[in-house]
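These numbers come from a predicted model, not from an experiment. Residue numbering restarts at 1 for every chain, and letters A, B, ... go by the order of the sequence lines.
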Amino acid sequence: MRQANENGMEMVRAEQVVKRFGQLVVLNGVNLTVKRGQVVVIIGPSGSGKTTLLRCINHLEKIDSGHIYIDGQMIGYREVNGRLVEDREATIARMRSQIGFVFQRFNLFPHKTALENVIEAPIHVLHQPKNEVTERALSLLEKVGLAEKANVYPHKLSGGQQQRVAIARALAMNPKLMLFDEATSALDPELVGEVLKVMRQLAEEGMTMVVVTHEMGFARDVADHVVFMDKAVIVEQGTPEQVFDHAANERTRTFLGMIREE
Amino acid sequence: MYRGGKEGSVFRWDVVGQNLFAQIFLTAAWTTLWIAVISQTCGVIIGLFIALMRMSRFPFFSWPARFYIWIFRGSPLLVQILILYFGVPEVFPGLVPFITVYSTALIAFSFNEGAYMSEIIRAGITSVDAGQMEAAKSLGMRYSLAMRRIILPQAARVIVPPLGNEFNNMLKTTSLASVIGLFELTYTAQVNGSQGFVYFELLIVATFYYLIMTTLWGYIQNWIERRMDPDRSNQIKRQGSRSFLMRMVGTGTSGTGVR
């Protein structure tokens with residue numbers, strides 16, 4: 001179902017998204033727009049719903065009401081006789097193949113080398129020829145600084161290296177949107193920088209990104225738009241300056257104050 | 001080949017020696033072996049289907065799977081064999097030409113084993129970190145593709161050791177086919193033993209063959225498990241020289257630890 005979006009400028013449009021886990025309301029009418037090429041950073045305390053929102057964007061989680069559009073097309077559901085029904089697996093899979101997702105725990109395939117991880121989906125999902133894919137994969141691994149680790153298995157890589165492979169794996173699908181779910185939260189502090197560097201580079205190259213993170217420095221430097229979530233709603237959003245330096249809402253200030261004390 | 005003994009005679013090793021490599025026992029051992037192999041293989045295949053059905057979110061699939069597991073794990077294999085061999089022809093006379101000792105044994109063993117294998121396989125699949133399926137899906141893989149390329153290869157690592165034990169059991173379980181007169185090792189020993197009053201001695205011969213097979217399998221099982229284990233201290237891995245098995249299943253630990 002195509003939704004009119006101004007000049008095709010909107011990559012993600014979440015409308016009144018509600019999500020419950022049993023009795024617990026995790027997203028309570030969330031509205032979010034991400035423009036093409038924009039870097040949106042979502043911050044907030046744990047349990048605020050920010051990770052859930054991210055996972056709803058690529059339909060890893062179903063939503064209970066509301067709509068989410070990716071580049072004008074509704075994801076997860078389609079309209080049948082005026083009602084919304086869950087979409088076919090093939091359609092959802094196809095939409096997901098255009099959205100890159102980077103997990104907190106990397107989730108590399110342990111039985112495959114770094115290179116094999118990166119080429120797996122382009123070959124078996126997009127049916128691209130192996131030698132083309134391998135070439136592109138090697139240059140992607142080089143881009144994230146891991147060309148020499150191409151034939152190494154994940155368990156022999158550091159966390160930062162694994163995460164960079166994971167980013168390369170997502171990029172291999174040529175996504176129009178990249179979602180980062182606390183990509184550095186599981187890393188030792190000294191490894192965080194190398195991953196943030198890759199993310200920063202992607203942003204500079206114009207990738208549309210939605211990043212859930214606790215890295216406030218990254219948010220301030222790289223984000224075009226910052227969203228603060230708490231208790232299942234978006235409390236405040238704006239430019240990094242607006243949110244970090246001139247937060248209008250008390251809850252935002254409290255949260256940022258607590259972060260600053262660390 | 002066998003001669004009758006007098007009442008109360010001592011155990012006759014010579015009888016054992018004579019029959020140890022007799023044709024009837026070699027044939028019987030072969031029968032035991034191929035029935036075990038085919039039954040176990042079919043059991044694994046059935047088990048995989050049942051496991052996937054059992055894990056389905058559609059009751060249309062999960063309920064029949066649960067029922068199947070309940071029936072075949074909840075009743076004795078011996079009774080299942082007897083029901084198939086004696087009961088089914090009574091109720092479905094049209095099936096009689098299909099009910100031979102071989103088909104009965106293979107079907108009963110396979111279906112029974114399928115129920116046990118399904119639980120082993122299901123345990124293997126659920127042991128794979130949930131993040132793996134999420135990563136696969138997020139790359140645009142459909143469930144079936146993700147299962148085939150990502151989940152099952154990792155599940156295999158967990159499934160292989162108990163599978164090895166199941167085959168060990170299967171080699172011995174084939175002896176149950178003796179109740180319907182299939183000439184595997186046990187029945188062969190029983191029939192020929194009672195004919196010549198050398199019952200005990202021939203059962204020793206049968207035991208010998210069972211021991212040979214299970215012991216040999218033990219070595220093979222050990223070899224397989226060692227090849228699948230990434231933490232072997234005497235590992236020599238050269239670039240590109242990974243065995244088919246290692247390439248299939250990998251040498252990494254499952255899950256993704258932070259280093």
Residue-level contacts of residues 134-141 of chain B with chain A, using a heavy-atom cutoff under 4.5 Å: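 Residues of residues 134-141 of chain B touching chain A at under 4.5 Å: B:Glu134, B:Ala135, B:Ala136, B:Lys137, B:Ser138, B:Leu139, B:Gly140, B:Met141.
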
Before giving the answer on side-chain hydrogen bond (donor to acceptor under 3.5 Å, both in side chains), spell out for A:Glu116 and A:Asn151 the whole-Å C-alpha distance, their side-chain angles and the decisive distance to 0.1 Å. CA-CA 8 Å; A:Glu116 286 166 353; A:Asn151 296 317; over 6 Å; no

Is the backbone N or O of [Y] less than 3.5 Å from a side-chain atom of [X], with the two atoms forming a donor-acceptor pair by type?
X        : Y        : result
B:Asn222 : B:Gly218 : no
A:Asn107 : B:Gly131 : yes
B:Thr215 : B:Ile212 : no
A:Glu205 : A:Met207 : no

Distance alone, cut at 3.5 Å: any donor-acceptor contact between the side chains of B:Gln40 and B:Glu113?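 Short answer, yes.
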
Quick one: which residue pairs count as a side-chain hydrogen bond (donor to acceptor under 3.5 Å, both in side chains) with a foot in residues 48-75 of chain B, not counting sequence neighbours?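 Only B:Ser75-B:Gln80 qualify under side-chain hydrogen bond (donor to acceptor under 3.5 Å, both in side chains).
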
Sort A:Ala90 into side chain, backbone, both or neither according to what part of it lies under 4.5 angstrom from a heavy atom of chain B.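 A:Ala90 touches chain B through backbone and side-chain heavy atoms alike.
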
Contact origin within A:Ile99 toward chain B - heavy atom pairs under 4.5 Å: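 Answer is backbone: N, CA, C or O of A:Ile99 sit under 4.5 Å from chain B.
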
Under a 4.5 Å cutoff for heavy-atom pairs, which residue among A:His124, A:Gln161, A:Arg55 has the most contacts with chain B?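 Winner by heavy-atom pair count: A:His124.
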
What residues form a ring pair (Phe, Tyr, Trp, His ring centres under 6.0 Å) with B:Tyr209, not counting sequence neighbours?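 B:Tyr209 satisfies ring pair (Phe, Tyr, Trp, His ring centres under 6.0 Å) with no residue once adjacent residues are dropped.
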
Does A:Val227 reach the side chain of A:Val41, with side-chain heavy atoms less than 4.5 Å apart?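 SC-SC contact between A:Val227 and A:Val41 ruled out.
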
How would you list, in number order, the residues of residues 168-185 of chain A that have a heavy atom less than 4.5 Å from chain B?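 Checking residues 168-185 of chain A against chain B gives A:Arg169, A:Ala170, A:Met173.
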
Just do the ring-ring contact (aromatic ring centres under 6.0 Å, His included) check on A:Tyr153 and A:His111 with the steps written out, would you? CA-CA 7 Å; A:Tyr153 282 94; A:His111 58 306; 9.0 Å; no

B:Glu166 CD to B:Ser39 OG distance, which is reported to the nearest 0.5 Å: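 Spacing of CD (B:Glu166) from OG (B:Ser39) equals 12.5 Å.
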
